[in-house]
Engineer: 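Supplied in structure tokens, the structure appears directly below.
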Amino acid sequence: MEPHPTGAVRPLPRDALPCATVELARFLLGRMVARALPDGVVSGRIVETEAYLTGDAASHAFRGMTARNRSMFRTRGHAYVYLAYGASFMLNVSSEGEGVGEAVLIRALEPVGGVVLMQRHRGTAKLRDLTRGPGRLAQALRIDRALDGLDLCAAGPLWLGDDGGAGAGEIGISTRIGITRDAERPLRFFLRGNPFVSGPAALNR
DNA sequence: AGTGCGATTGACT
DNA sequence: GTCAATCGCACTA
């Protein structure tokens, strides 16, 4: 199917999302994230994800539910947004059922719609610097803690979508980036060869 | 109440 | 390639 001519991003209904976290992380590759703002809609294609699982020492939910991570425990398709290193917001999609603390981190997008807006938000014109990395894409889409807990399966300020474009392509797998505990698990997924994937080249093969 | 530490980024050598 | 900024949060006492 061709991308919709107007660039519209149809929301993905919840029952289209795989329940299992690793399956969801792979499923989301090639799908869209769309953000509605007063000046227009900004969107990008997901090219890199990571899974955070139950019993995973790298996960924020490892020690149970807290005020920060409670959105991870919602049923699949809800936003878990948190601030990392005091400066960068991270967008996750909750997975599994209500009460299970698992999620998929969106690590990189390929810019699709509203590039001029993204350039303004990021303070750079360079396409490759707009949404390569979880903190960068959050800034490009103006995602912050106010969106934590949002349902991403319906049109609203932020949603997951399918524009009918780009089939996923070949999926690469590696260890996750920037963690120290449970660092050897192959839970990072990316579209091989896509220039908007973050991380060191050695992990992108 | 105090402390240590990040699911990162951008500036710099 | 190296490295410091920055602050909310979870943990200790």
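Residue numbering restarts at 1 for every chain, and letters A, B, ... go by the order of the sequence lines.
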Engineer: Nearest to the side chain of A/Thr66 - B/dA7, C/dG8, C/dA10?
Structural biologist: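 Side chain of A/Thr66 sits closest to C/dA10.
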
Engineer: Return the value, rounded to whole Å, for the distance between atom CG of A/Asn69 and atom P of C/dA10.
Structural biologist: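 Interatomic distance, CG of A/Asn69 to P of C/dA10: 7 Å.
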
Engineer: Compare side-chain N and O positions of A/Arg107 against OP1 and OP2 of B/dT8 and report whether any pair is under 4.0 Å apart.
Structural biologist: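 Answer is yes, contact under 4.0 Å.
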
Engineer: Applying a 4.0 Å non-hydrogen cut-off, can you work out what A/Ile179 is touching in the nucleic acid: base, sugar-phosphate, or nothing?
Structural biologist: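 Since only primed, P, OP1 and OP2 atoms lie under 4.0 Å of A/Ile179, the category is sugar-phosphate.
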
Engineer: Just name whichever nucleotide pairs with C/dT6, Watson-Crick or G-U, keeping both distances under 3.5 Å, else none.
Structural biologist: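 In the structure as shown, C/dT6 has no Watson-Crick or wobble partner.
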
Engineer: How many Å lie between NZ on A/Lys126 and C1' on B/dT9, as a whole number?
Structural biologist: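 After rounding, the reported distance stands at 14 Å.
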
Engineer: How many Å lie between CZ on A/Phe62 and C1' on C/dC9, as a whole number?
Structural biologist: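 One finds 17 Å between C1' of C/dC9 and CZ of A/Phe62, rounded.
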
Engineer: So which one's nearest nucleotide on DNA chain B is more toward 5', A/Val104 or A/Gln139?
Structural biologist: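 In this pair, the answer is A/Val104.
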
Engineer: Hey, does A/Ala58 reach any base, or is it just sugar-phosphate, or nothing, if we go heavy atoms under 4.0 Å?
Structural biologist: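 Result for A/Ala58 = base.
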
Engineer: Is the phosphate of B/dG10, meaning OP1 or OP2, less than 4.0 Å from a side-chain N or O of A/Arg122?
Structural biologist: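 Yes, A/Arg122 has a side-chain N/O under 4.0 Å of OP1/OP2 on B/dG10.
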
Engineer: Tell which nucleotide pairs with B/dA7, taking only Watson-Crick or G-U wobble pairs whose two distances are both under 3.5 angstrom.
Structural biologist: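 Paired with no nucleotide.
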
Engineer: Write down the distance between CE (A/Met65) and P (C/dC9), rounded to a whole number of angstrom.
Structural biologist: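 In whole Å, C/dC9 P lies 16 Å from A/Met65 CE.
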
Engineer: Rounded to whole Å, how long is the line connecting atom NE2 of A/His60 with atom P of C/dC9?
Structural biologist: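 In whole Å, C/dC9 P lies 11 Å from A/His60 NE2.
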
Engineer: For the pair A/Arg45 and A/Asp162, find out whether any cationic side-chain nitrogen is under 4.0 Å from an anionic carboxylate oxygen.
Structural biologist: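 Salt bridge flag = no for A/Asp162 with A/Arg45.
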
Engineer: Please check if the side chain of A/Arg176 supplies one atom and the backbone of A/Asp182 the other of a donor-acceptor pair under 3.5 Å.
Structural biologist: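 Here the side-chain-to-backbone pair exists.
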
Engineer: Give a yes/no on whether any side-chain N or O of A/Arg181 is located under 4.0 angstrom from OP1 or OP2 of B/dG6.
Structural biologist: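 No.
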
Engineer: Would you confirm whether the ring centroid of A/His60 sits within less than 6.0 angstrom of the ring centroid of A/Tyr82?
Structural biologist: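 Yes, ring centres under 6.0 Å apart.
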
Engineer: Give a yes/no on whether any side-chain N or O of A/Arg63 is located under 4.0 angstrom from OP1 or OP2 of C/dA10.
Structural biologist: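 So the side-chain polar atoms of A/Arg63 never come under 4.0 Å of the phosphate oxygens OP1 or OP2 of C/dA10.
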
Engineer: Under 4.0 Å, heavy atoms only, any strand: does A/Arg176 hit a base, just the sugar-phosphate, or nothing?
Structural biologist: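 A/Arg176: no heavy atom of the nucleic acid under 4.0 Å.
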
Engineer: State plainly whether the residues A/Arg74 and A/Asp151 are in salt-bridge range, i.e. N to O under 4.0 Å.
Structural biologist: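 No.
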
Engineer: Is A/Glu48 salt-bridged to A/Arg188, going by a charged N under 4.0 Å from an acidic O?
Structural biologist: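 Result for this pair is yes, salt bridge flagged.
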
Engineer: Decide yes or no for A/Ile171 and A/Phe190: does some side-chain heavy atom of the first lie under 4.5 Å from some side-chain heavy atom of the second?
Structural biologist: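 With C-beta onward as the side chain, the pair stays apart.
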
Engineer: Between C/dA5 and A/Tyr85, counting only base atoms on the nucleotide and side-chain atoms on the residue, is there a donor-acceptor pair under 3.5 Å?
Structural biologist: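 In this structure, the two groups form no donor-acceptor pair.
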
Engineer: Roughly, in whole Å, what's the span from CG in A/Asn92 to C1' in B/dT8?
Structural biologist: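 Distance check: A/Asn92 CG to B/dT8 C1' gives 14 Å.
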
Engineer: In whole angstrom, give the distance that lies between atom CE of A/Met72 and atom C1' of C/dA10.
Structural biologist: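 Result: 15 Å.
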
Engineer: Round to the nearest Å and state the distance from A/Met90 atom CE to C/dC9 atom P.
Structural biologist: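 Going from A/Met90 (CE) to C/dC9 (P), I get 14 Å.
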
Engineer: Please state whether the phosphate of B/dT9, meaning OP1 or OP2, lies under 4.0 angstrom from any side-chain nitrogen or oxygen of A/Ser88.
Structural biologist: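 Answer is no, no contact under 4.0 Å.
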
Engineer: Evaluate whether the aromatic ring of A/Tyr52 and the six-membered ring of the B/dA7 base sit under 5.5 Å apart, centre to centre, with an inclination under 30°.
Structural biologist: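 Here A/Tyr52 meets both the 5.5 Å and the 30° conditions.
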
